[in-house]
There are 2 protein chains.
Amino acid sequence: MEDGTRMSASHIGETTACEVRDVLDRVGDKWSLLVIELLDHETWRFSALLREIEGISQRMLTRTLRQLERDGLLTRTVHPVVPPRVEYALTPLGHTLFDAIQPLVAWSRGNRDEIAGARDAYDARAEPAL
Amino acid sequence: MEDGTRMSASHIGETTACEVRDVLDRVGDKWSLLVIELLDHETWRFSALLREIEGISQRMLTRTLRQLERDGLLTRTVHPVVPPRVEYALTPLGHTLFDAIQPLVAWSRGNRDEIAGARDAYDARAEPAL
DNA sequence: CGGCATCCAGTTGGATACTG
DNA sequence: CAGTATCCAACTGGATGCCG
């Protein structure tokens, strides 16, 4: 996407949202932010993450970690011992991403009730017959 | 984060990420942020949005607008004229959401190259035979 | 003009079984 | 322990056609 020959439109839309697309595709998925949050405090082993993040499957934890590693957001360190020991830690880049998300987290927390209320009101209007 | 409920590693994960889940599910999809960005400046008609957002289908524009409306992020105003005229505008809540996303947008813009580099390096390591 | 209904392809993610 | 491989269900989103 760095060749960016898209540039068409005389207008906005391309400016902001397209640039966040990559980040949103990563952070917007089901587990990434959860992993990033845990790793922001300390390093974690695979099995510890698996136990801590309730509901995640081995497969999804692996995939999530791989993608975050690929984007340079965390490091994967394999200790050649028996049994194997693999530790995951956020990179500096990963930490700054976590910081950059905090406003959105705060917004979510602060407006959760208002959103829930809006949804209820909308649904009440939409399906009065049900 | 001024809330500061900094608990130890027992059951974090529920604290932060779960609260953003709703917002991420909305904003993290393919078109919502694009719509929010356009509406942040002015009101738009349906057909204008359809023309402006290149690649979006009628179906997805409708669905995106409906969900944002349901969450109280935008208003839908139908003008009873012929031909029909429907206008969409951000609510104050919608504007604050757009503001809350800006740090993430800035982060994306500022670190795009680093991420792209990390990906290239990772891929080069992973598939040297291809 | 501003939708909605239907159909369909691609992707996401869960369950399970197996491995170095 | 830390994965990989396979299969499969659910959801997302695009294309098309119809309608008030």
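Labels below follow one simple rule: chain letters A, B, ... track the order of the sequence lines, proteins then strands, and each chain is numbered from 1.
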When rounded to whole Å, the CZ to P distance for the pair A/R76 and D/dC1 reads 16 Å

With a 4.0 Å cut-off on N to O distance, would you call A/D25 and A/R21 a salt bridge? yes

Here the distance between atom P of C/dT6 and atom CZ of B/R63, to the nearest Å, is 14 Å

B/R45 atom CZ is separated from C/dG3 atom P, nearest whole Å, by 11 Å

* To do: Please check the phosphate of D/dG3 (OP1 and OP2 only) for any side-chain N or O of A/T62 closer than 4.0 Å.
  => no

In whole angstroms, the gap separating P of C/dA15 from CG of A/L61 amounts to 14 Å

Q) Would B/V81 end up clustered with B/V86 when hydrophobic side chains under 4.5 Å apart are linked, directly or stepwise? A) no

Whole-Å distance, A/I56 CD1 to C/dG14 C1', equals 11 Å

Which of C/dC1, D/dG13, D/dG3 is nearest the side chain of A/F46? It is D/dG3

Side-chain contact check for B/Y88: nearest option of C/dG3, D/dC1, D/dG3 is C/dG3

In whole angstroms, the gap separating P of D/dA2 from CD of A/E69 amounts to 15 Å

Whole-Å distance, A/M60 CE to C/dT16 P, equals 17 Å

Of A/Q58 and B/S57, the one whose closest nucleotide on DNA chain D sits nearer the 5' end is A/Q58

Give a yes or no on whether a salt bridge exists between B/E87 and B/R85, defined as a side-chain N under 4.0 angstrom from a carboxylate O. yes

Report task. Check the hydrophobic clustering (I, L, V, M, F, W, Y; side-chain heavy atoms under 4.5 Å; chains of links allowed) and say if A/V78 and A/V82 are grouped together. Result -> no

base_contact_polar (D/dG13 base, B/R59 side chain, donor-acceptor, <3.5 Å)
yes

Pair A/S32-A/D29, side-chain donor/acceptor within less than 3.5 Å:
yes

On DNA chain C, more 5' by nearest nucleotide between B/R85 and A/D29 is B/R85

>> Taking 4.0 Å as the cut-off, does a side-chain nitrogen or oxygen of A/W31 come that near to OP1 or OP2 on C/dG14?
In response: yes

task = Give a yes/no on whether any side-chain N or O of A/R66 is located under 4.0 angstrom from OP1 or OP2 of D/dG3.
result = yes

For this session: Using a heavy-atom cut-off of under 4.0 Å over every strand shown, decide if A/R51 touches base, sugar-phosphate, or nothing.
Result: nothing

A/L65 CG to D/dT4 C1', in whole Å, measures 14 Å

